[in-house]
Structure formats: structure tokens, C-alpha cells
Amino acid sequence: ITSAGNLANYVKKSKKSISLFEKVKAVILMFRNMAAKLWYRKSESLLAARKLLLPAGKLSISAALWHNDEDEAGLRVDELLDIAESVSPDQKVLDKLPFYYRQLFLGKQNVDRVFWTGRKQTLADAEKTVARFRQAMDRNDSSASGGLLVIGEQSSGKTYLSRYIAGKFFSRKKIFYINPPEAGSANISVFNKTVRNTVNEVDEEKPIDKIFSLFENECVFILNDIELWWERRDNGMEVIEQILHLINKFGAKFFFIVNANTHSFRYINKMLPFSNSFLKILECEPFNAEELKDIILFRHKSTGIKYRLKNHREEDVTGWRQAKLFSKYFNYSKGNAGVALNAWVSNITTVAPGEKTAGLPVSMGTGIVHIREPKLPFTTRLKHINTDWLLIIIQFVLHKRLTLEKLCRITMAKPDEISPLLNDLIRAGVVVYNHSGKRRLEQQEQEKPTTEPDIFELNRFLLPHLVNNLVAKGVL
């Protein structure tokens, strides 16, 4: 009986041990399965990256072809198109966004004090420059004449900053904007005509110096986008020289604010002492992540539309999650406000009516935009871009907008040499028609005759990534 009782206890204990052993074994198996899945996912990621890195015709089942050869084929049109599409907004989403929302993020910004964010030191430097100008004017000291030069990357807010400074420190009735033609011009007669139109001078024969001499003190002349007033060719600096002449002659009486693309300015400054005519050079410095948050959300909230990030409603997004979101916008844009505003629109995935207005179209004060976090595009393959494409892209960076004729002048090439290359870049989504050029194309399709040439520019959503690549190459 005792033996039988011991046996029963042994069996019971064994069952417990086996049961515990099975549980531990099951847990170990579960972790092994998880680890296996992670390894499989890692290999899948490597395969996906390999497909992106290797050009057509070199994909192989061989495990030896893991690295991209420096001598491999150049970047293809379809690869460029993939990169362009990855950073551009979905056209269907754009069509659903209300006009006022698109305008706030993608349109030219009007100067509204309530939108001003950050740049306290920049504004302090501008105020000091205005004080120097007024002191020289009071002394009638022409030797202290000069202007204010604002430089920065495209979309960094140069025009906005120029207008803000003028409006803050001078009478708005005395501010004049000398804007270049849409396609730009290095023709001195075009510049002089633009000045006459700006100041409403009807006498086409009156010399420009005579026109300026008639204005009263403390008038402000803002010259936007200097990169559109020159060409990289012989006699391509005539307008720039005229601008410097006006600043040096009238800079003790009028306040000149000139803004320019950083890369164009550096190139122009190598050919003539452009920077010496200015009392101060202000750089549109990058914004930090918190400032980008204020810039983006102030515009967004002014529309009354709400955003939803993943499954989180706007009002439920915590401060930590919001800081994480806008840190990613900073990493994406490198602090460039225009790039961040563009990226916000590019990362709207859907537009929907508000919860209380279901079934109604998105309108002022209603609606929801579903957003995702911005991700840097995979641009490694850009280092293999075709040299001819690269040279054309550089010209667009330096001159902002170009026609085919102007591009031929700058490159000293024939139209039948440039056209195929330009068409390749248009097909790849790198070069696009600018707004006025697009309107002319639509008129042609409607059989309305036009004699104006098409105007092209770089895709604004792809531009910063191209510039980063050119800077890394050391060609900008």
C-alpha cells in the first residue's frame, strides 16, 4: 500500500514537472519563432534595398551581387520618377483640399504679422542696418550708402523676410517691388521697363537715374529673385551691374532690399564685387523644430480643419508625440520653412469631411486631413545621375526658371541637343511647367494661339533633395 501511495505521488509530481517543462519549452519556441521572423524581415529589407540599388539587367540570384558597382549604368528615368513621386503630394488629395488650405501651404505668402515666427536676431540685425542707413541719410553721407542683401535657399522665406522688414521699419506707401519677368531676363532694357512700370512712369525715354532722382527720401525698393536678372554667359551681368549702380548712387537716399538664392549669389559674387554694395548681408537661417511646428500649425489651425495622425485625433496628440512629429519635419527640411510646408501637404494621405459634417464637402472650418510622418526619400542612386542631366539641373538651381531658348544660350548648345535632355527630365518629374507655362499649354490645347515660350522650373518637392545631392557632390 505504501509503495502504491508513493507511486501515485511520483506520477503526480512527474505530471507537474512535465507540464512545467512543456510551458517553458513553449515559451522558448515562441521567442525562437519571433527571432526567426525578425531575421526573415531583415533579409527581406536587404532584398528590397538591393532591388533599389541595382540597375536593370544586374539583378541576380547570386549572393555575390550585394554591392553597387561604381561603374554601373547611370540613373534611369523611371528611378528618378520614383524618387519624385515619393516626395510629391497625391494629385487626388490636392484636388480635395480646399483652395485656401493649398494657398496657405503652397502659395506665395502675403506679409501678415500674425504669421511671423522666430528669427529675432535676424530682425535685430535688420533694425540695426536701417538705423545705419538713416544716420548716413541724416548726415547726407553718400560714402555710407548701401542696401540690405537677403540670401537663402529657395523656399527659405527670402521674399517674405524682405517684405516684412520693409513693412516694419518704413511707410508702406513708400515701398516699391521690382519683380523680374516670369522667365527672368538679363536684358537691360527689360529691367528698365520693369522699373518704369513699377513706379508708374509713362515716359519711356526718361533715363532711370532721372526717375530715381525724383523720389523723396526713405523710399524702399525691394528687388526679388536676383537669380532671374542674370545669365551665365557673356554680357549676362548687365542688369546686375545696373542694380549695383543704382544702389551705389542712391543708397544714401533710398533703402534697397535685394534677395537672392544662396548659390546664385555665390556665383555672381565671384564675377563682380556684388556683396560690397550692401551694408548688411542677412541669411535666412533654418528654423528649429519648435518654430517649424508654429509655422505649420498656425496655418493649419487658421483653416478650422483638423488633422489625424495614425489613429490619434489632433486634440489627443500628446506634446511628446507632437515634438517627435516636428523633429522629423526638421530632419526632412533641414529647417527650411518652405520645404516643411510642402512636405506637410505631401504627407496628407486623405481628406475627409468632419465627424459632424459627414456627407458634406470639406469647407472652411470643417473637415479632417489624415497625415503621416515625413520620411526622407531614398536618394542614394542620385549619385549616378547622367552628367548632361546634372548640368541642366544646376542651371535651374542658379537661374530658377528657364525657357528652352534661355537654356540654350546659357549652355551654348543647340535646341536639338537640349530638347531631348529637357524632355527626359520632364518625363522623370524633375522639371515641370511653372504656373504661367502650364496655363499657356492649356490654351494651346484649346486652340488659342500663343507666341510666348514655355517656362520651366524644378519640381519644388524634389528640389531640396537635388540641391542636397549637388552640394554633397561639391558642384554647388
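Residue indices begin at 1 and follow the sequence shown.
The ring-ring contact (aromatic ring centres under 6.0 Å, His included) test applied to Phe212 returns Phe221, Phe250, not counting sequence neighbours. By the ring-ring contact (aromatic ring centres under 6.0 Å, His included) test, Tyr267 is found to be paired with Trp230, residues two or more places apart in sequence or in another chain being considered.
Remark: side-chain polar atoms of Asn469 are not paired, donor with acceptor, to backbone N or O of His465 under 3.5 angstrom. The main-chain N or O of Phe265 is never found under 3.5 Å from a side-chain atom of Asn269 such that the two would form a donor-acceptor pair.
Between Phe461 and Leu106, some side-chain heavy-atom pair lies under the 4.5 Å cut-off. Residues Phe456 and Leu422 are in side-chain contact: their nearest non-hydrogen atoms beyond the backbone lie under 4.5 Å apart. Annotation: side chain of Lys249 is in contact with side chain of Asp209 (closest heavy-atom distance under 4.5 Å). Considering only heavy atoms from C-beta on, Thr194 comes within 4.5 Å of Trp229 through its side chain. You'll find the side chain of Arg401 reaches within 4.5 Å of the side chain of Leu228, heavy atoms only. Residues Ile226 and Ile243 are in side-chain contact: their nearest non-hydrogen atoms beyond the backbone lie under 4.5 Å apart. Proximity of Ile268 to Lys270: side-chain heavy atoms (C-beta onward) are nowhere separated by under 4.5 Å.
Enclosure of atom CG in Asp78 by more than 12 non-hydrogen atoms of other residues, nucleotides or ligands within 6.0 angstrom is indicated. Counted within 6.0 Å of NZ on Lys473, heavy atoms from surrounding residues, nucleotides or ligands total more than 12; the atom is thus considered enclosed.
Electrostatic pairing of Glu417 and Lys414 does not count as a salt bridge here, judged by no charged N lying under 4.0 Å from a carboxylate O. For Lys400 and Glu457, the salt-bridge test fails: no basic side-chain N is under 4.0 Å from an acidic carboxylate O. Of the charged side-chain nitrogens involved, none lies within less than 4.0 Å of a carboxylate oxygen, so that Asp95 and Lys92 do not count as a salt-bridged pair.
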**Q.** Verdict with reasoning, His300 to Glu314, per side chain to side chain donor-acceptor pair (under 3.5 Å)
**A.** CA-CA 11 Å; His300 166 76; Glu314 181 175 338; 3.0 Å; yes
**Q.** Candidate pair Gln242 and Asn192, rule side chain to side chain donor-acceptor pair (under 3.5 Å), full reasoning
**A.** CA-CA 9 Å; Gln242 172 77 326; Asn192 291 342; 3.2 Å; yes
Q. Please walk me through it: do Phe396 and Val431 pass side-chain contact (heavy atoms from CB on, under 4.5 Å)?
A. CA-CA 9 Å; Phe396 274 104; Val431 172; 3.9 Å; yes
Q: Would you please test Lys193 and Val190 for side-chain contact (heavy atoms from CB on, under 4.5 Å) and show each step?
A: CA-CA 5 Å; Lys193 182 179 179 181; Val190 173; 5.7 Å; no
Q. Hey, mind stepping through Leu75 and Asn386 against side-chain contact (heavy atoms from CB on, under 4.5 Å) and telling me if it holds?
A. CA-CA 6 Å; Leu75 185 67; Asn386 179 304; over 6 Å; no
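The closest side-chain donor-acceptor pair between Ser185 and Asn187, if any, does not fall under 3.5 angstrom. A side-chain N or O of Glu153 and one of His263 form a donor-acceptor pair less than 3.5 Å apart. Side-chain contact check for Asn434 and Glu182: at least one donor-acceptor pair (N or O, by modelled atom type) lies under 3.5 Å. Ser155 and Asn336 are not linked by any side-chain donor-acceptor pair at a separation below 3.5 angstrom, with hydrogens and angles left out of the test. No side-chain donor-acceptor contact under 3.5 Å links Asn261 and His399.
Atoms CD1 and CG, from Ile348 and Leu97 in turn, are 4.5 Å apart once rounded to the nearest 0.5 Å. Atom CG in Leu402 sits 10.0 Å away from atom CD1 in Ile455 (nearest 0.5 Å). Between Gln154 atom CD and Ser264 atom OG the span is 8.5 Å, to the nearest 0.5 Å. Atom CG of Leu282 is separated from atom OG1 of Thr122 by 6.0 Å, given to the nearest 0.5 angstrom. The distance from atom CG of Asn459 to atom CG of Leu425, rounded to the nearest 0.5 Å, is 11.5 Å. Note that the CD atom of Glu373 and the CG atom of Leu309 stand 6.0 Å from one another [nearest 0.5 Å].
When Asp225, Asn224, Asn197 are each tested for a side-chain hydrogen bond (donor to acceptor under 3.5 Å, both in side chains) with Asn179, only one passes: Asn224. Between Ile394 and the choices Val397, Ile392, Leu398, the side-chain contact (heavy atoms from CB on, under 4.5 Å) rule is met once, by Leu398.
Taking each heavy atom of Ala166 and Ile222 in turn, the nearest pair found is CB-CD1, 3.7 Å. The shortest non-hydrogen separation linking Leu292 to Ala337 is CD2-CA, 4.0 Å. Listed here is the closest heavy atom pair of Ser86 and Pro377: OG-CB, 3.8 Å.
Judged by the 6.0 Å and 45° rule, Arg163 forms a cation-pi pair with Tyr177.
Proximity of the aromatic rings of Phe326 and Phe330 is defined here by a centroid distance below 6.0 angstrom, and this criterion is not met. Between Tyr329 and Tyr332, the distance separating the two ring centers is not shorter than 6.0 angstrom. Two rings, from Tyr307 and His370, have their centers 6.0 Å or more apart.
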